[in-house]
Amino acid sequence: MRLYNTLGRTKQEFTPQHGNAVSMYVCGITAYDYCHIGHARSAVVFDVLVRYLRFKGYDVTFVRNFTDVDDKIIKRANEVGVPSQEIAEKFIGEFYVDMDALSVLRADVEPKCTEHIDEMITLTQGLIESGHAYATPSGDVYFKVRSFPDYGKLSGRNIEDLVSGARVDPGEEKLDPLDFALWKAAKPGEPSWESPWGLGRPGWHLECSAMSEKYMPLPLDIHGGGQDLSFPHHENEIAQSEAATGKEFAKFWVHNGFVQINSEKMSKSLGNFFTIRDILAKFLPETLRYFLLTMHYRSPLDFSFDSLEEAEKGVRRIYTALAQVDAALAGTKWSKTPLPQDILDEQAGYEQGFVDAFEDDLNSAAALGHLFGMVRLAGRILDDKGYRKAEAGRDLLVRIRAEVAKWSTVLGVFGLEPETFLASLKTCRAGRAGIEPAKVDALLADRLEARKNKDFARSDAIRDELAAMQVEVKDTPQGQAWDVL
RNA sequence: GGCGGCAUAGCCAAGUGGUAAGGCAGAGGUCUGCAAAACCUCCAUCCUCCGGUUCAAAUCCGGAUGCCGCCUCCA
């Protein structure tokens with residue numbers, strides 16, 4: 001497959017270095033708060049990448065870390081008045097709740113920073129010995145950026161450009177403003193560990209270098225993360241790891257685009273901030289996951305509840321079609337009517353298109369287009385009285401159903417029983433609209449009575465009343481049904 | 001100031017130099033007591049603007065305009 005590599009800024013053919021094995025490291029969360037929609041996007045994007053690589057038959061080792069000691073965690077802990085480790089553990093637990101809801105698979109290894117202090121100390125020591133880092137009198141250790149000539153190769157910056165933006169905070173003892181902390185001397189009230197430089201804790205960038213190398217050989221096949229991490233976090237990881245090992249750190253750098261609100265960055269200070277829970281209070285997890293896949297992973301994604309509602313309609317359309325296909329396949333009598341070749345060709349085209357889309361830089365948005373094509377084709381078969389009862393028509397529906405099932409394992413969407421999903425969706429939408437099902441049922445009973453008496457005026461009046469409640473009545477062969485308007 | 005990204009129909013959105021996927025909305029139709037739902041069909045001669053390269057450009061190059069991101073913690 002072709003993958004966009006930030007290192008080089010081009011799509012490149014992805015081939016694992018060692019046969020079938022793929023090593024992939026993705027920067028996980030800093031556990032200090034509930035996950036927001038941006039975390040959801042990153043998690044889903046890389047989840048789909050892992051699922052697709054496995055689908056292609058690769059043996060993927062996927063490592064995703066937890067940052068469980070960090071300034072933000074400590075700050076939060078101090079506000080609440082509990083140990084920082086307690087905050088980290090709580091939000092790691094909450095991370096799993098959200099990710100499980102979104103069908104994001106667990107990584108093979110999920111290392112925590114605090115469990116790899118020794119590795120980080122060893123790495124830092126090595127960097128000091130080789131002249132790439134230095135300790136200060138107060139017990140900090142900094143990486144000497146100018147000792148690493150390739151610094152800036154990922155983000156396309158050169159050292160001179162960076163000088164103007166760099167700054168030294170009061171109290172720092174950097175030899176050069178560009179240098180960044182590998183190890184921070186302990187301050188009162190902070191968690192700390194023994195080290196050759198006294199009590200302290202690791203800097204943020206260090207952990208990914210230490211943990212990725214521990215679990216996978218360098219160079220990594222793929223290193224991923226959000227676009228914002230490319231500088232300075234990933235740049236610093238490269239500097240640390242390559243300076244320490246002399247090996248290339250990662251072959252492919254994959255970065256997902258940001259989630260925006262009204263084309264602006266989401267941030268707590270702007271008040272345009274949505275957690276995964278905020279969204280799942282109103283929408284099904286599968287709707288959110290589908291929504292995230294309707295845009296290419298590198299594009300900025302503008303989030304709004306209106307777009308989510310649109311996505312919800314899309315998911316419903318697919319599941320509704322699948323339910324109808326399943327119902328038709330329950331039939332038993334089949335004719336010998338053949339299907340025209342162009343219909344078979346069309347289906348083959350969608351199947352190929354789906355693969356091609358994923359092969360071209362994980363283009364889930366294009367792939368979903370082909371899925372809709374298949375579903376439309378199924379609709380045409382079902383709509384044709386001859387085809388829907390023909391063996392050839394049945395075979396095509398079976399083929400479409402199998403294709404959807406196959407891709408649902410990659411997308412992590414459309415894998416449920418259609419009727420189960422549609423029932424959940426109805427409950428979800430009714431809840432959002434504030435509809436009381438008992439009240440609806442009572443009115444429907446009255447309407448049924450009126451219809452038995454052919455009192456259509458009364459029947460229609462009740463229908464209007466229900467419509468005012470956002471309830472839409474449908475008269476089906478099986479009787480009355482309702483849905484949310 | 002430095003680095004980078006994006007501009008495609010009413011809205012969302014894919015698009016790898018060869019003649020504009022898909023979704024939502026909208027219109028027509030089938031069905032229905034009438035509806036709704038569902039399904040079918042239709043819906044951009046054109047891709048922000050101006051130049052250029054090419055037999056051929058939404059796609060490549062140059063310029064303009066607008067929006068956004070990174071350079072400080074950030075998915």
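Proteins get letters first, then strands, A, B, ... in listed order; numbering begins at 1 in each.
Candidate nucleotides B/rA38, B/rA35, B/rA13 were compared by shortest atom distance to the side chain of A/Thr320, and B/rA38 ranks first. Of the candidates B/rG23, B/rA75, B/rC68, the closest approach to any side-chain atom of A/Glu310 belongs to B/rG23. Of the candidates B/rG2, B/rU16, B/rC74, B/rG2 carries the atom nearest the A/Arg157 side chain, counting heavy atoms from C-beta on. Looking at the side chain of A/His296, the nearest of the listed nucleotides B/rA75, B/rG15, B/rC73 is B/rG15.
A/Asp483 comes within 4.0 angstrom of no nucleic acid atom, judged by non-hydrogen atoms across all strands. At the heavy-atom level, A/Gln324 lies under 4.0 Å from the strands shown only through sugar-phosphate atoms. In this structure, A/Lys265 reaches the bases: a heavy-atom distance under 4.0 Å links it to at least one base atom across the strands shown. Across all strands, A/Glu472 comes closer than 4.0 Å only to sugar-phosphate atoms, never to a base (heavy-atom distances). Using a 4.0 Å heavy-atom criterion, one finds that A/Leu382 contacts no nucleic acid atom at all. Within the nucleic acid shown, A/Gly38 comes within 4.0 Å of at least one base atom, counting heavy atoms only. Residue A/Val259 is classed as a base contact, given a heavy-atom separation below 4.0 Å to a base.
A gap of 25 Å separates the P atoms of B/rU53 and B/rA7, to the nearest Å. When the C1' atom is compared between B/rA44 and B/rA58, the two are found 12 Å apart, to the nearest whole Å. The C1' atoms of B/rA35 and B/rG66 are separated by 47 Å, rounded to the nearest whole Å. The separation of B/rC60 from B/rG18, taken at their P atoms, amounts to 11 Å, rounded to a whole angstrom. Taking atom C1' in both B/rC68 and B/rC55, one finds a spacing of 38 Å when rounded to whole Å.
The aromatic rings of A/His223 and A/Tyr25 are tilted relative to each other, their planes meeting at an angle between 30° and 60°.
With rounding to whole Å, A/Asn363 atom CG is found 6 Å from B/rA14 atom C1'.
Residue-nucleotide stacking is not present for A/Phe258 and B/rG69, judged by a side-chain ring centre under 5.5 Å from the six-membered base ring centre and planes under 30° apart.
Comparing A/Asp360 and A/Gly156 against RNA chain B, the residue whose closest nucleotide sits nearer the 5' end is A/Gly156. In this structure, A/Ser459 and A/Asp302 both approach RNA chain B, and ranking their closest nucleotides by distance from the 5' end singles out A/Asp302.
Put simply, A/Ser299 has a side-chain N or O that comes within less than 4.0 Å of OP1 or OP2 on B/rA14. For A/Lys313, a side-chain nitrogen or oxygen approaches OP1 or OP2 of B/rA25 to under 4.0 Å. Between B/rA38 and A/Arg317, no contact under 4.0 Å exists linking OP1 or OP2 to a side-chain N or O. For the pair A/Asn158 and B/rC3, the criterion of a side-chain N or O lying under 4.0 Å from OP1 or OP2 is not met. The shortest distance between the side-chain N/O atoms of A/Trp204 and the OP1/OP2 oxygens of B/rC74 is below 4.0 Å.
Taking 3.5 Å as the limit, the base of B/rG69 and the side chain of A/Gln227 contain no donor-acceptor pair of atoms between them. For A/Arg9 against B/rC3, a side-chain-to-base donor-acceptor contact under 3.5 Å is absent. Side-chain atoms of A/Arg451 come within donor-acceptor range of the base of B/rG33, with a qualifying N/O pair under 3.5 Å. Side-chain to base pairing of A/Asp460 with B/rG33: one donor and one acceptor N or O lie within less than 3.5 Å of each other. Put simply, the side chain of A/Arg463 and the base of B/rA35 share a donor and an acceptor less than 3.5 Å apart.
Of the listed residues (A/Gln470, A/Glu309, A/Glu312), just one forms a side-chain hydrogen bond (donor to acceptor under 3.5 Å, both in side chains) with A/Arg432, and that residue is A/Glu312. Of the residues listed (A/Trp204, A/Phe180, A/Trp253), the one engaging A/His233 in a ring pair (Phe, Tyr, Trp, His ring centres under 6.0 Å) is A/Trp204, and it is the only one.
When Watson-Crick and G-U wobble pairs are counted only if both distances are under 3.5 Å, B/rA27 pairs with B/rU41. Base pairing annotation: B/rG18 forms a Watson-Crick or G-U wobble pair with B/rC55, both donor-acceptor distances under 3.5 Å. The nucleotide B/rG4 finds its pairing partner in B/rC68, both defining distances of the Watson-Crick or G-U wobble pair being shorter than 3.5 Å.
Proximity of residues 367-381 of chain A to RNA chain B (heavy atom under 4.0 angstrom from any strand atom) is restricted to A/Gly369, A/Phe372, A/Arg376, A/Gly379, A/Arg380.
At least one side-chain heavy atom of A/Arg429 sits less than 4.5 Å from a side-chain heavy atom of A/Leu425. Taking the side chain as every heavy atom from C-beta outward, A/Ser192 and A/Lys184 never approach each other to under 4.5 Å.
Of the N and O atoms on the side chains of A/Asn65 and A/Glu207, at least one donor lies less than 3.5 Å from an acceptor on the other residue. With no hydrogens or angles considered, a side-chain donor-acceptor pair links A/Glu235 and A/Ser155 at under 3.5 Å.
Ion pairing between A/Arg76 and A/Asp71 fails under the 4.0 Å rule for side-chain N and carboxylate O.
Taking the ring axis of A/Phe291 as reference, the NZ or CZ atom of A/Arg41 does not stay both within 45° of it and closer than 6.0 Å to the ring centre.
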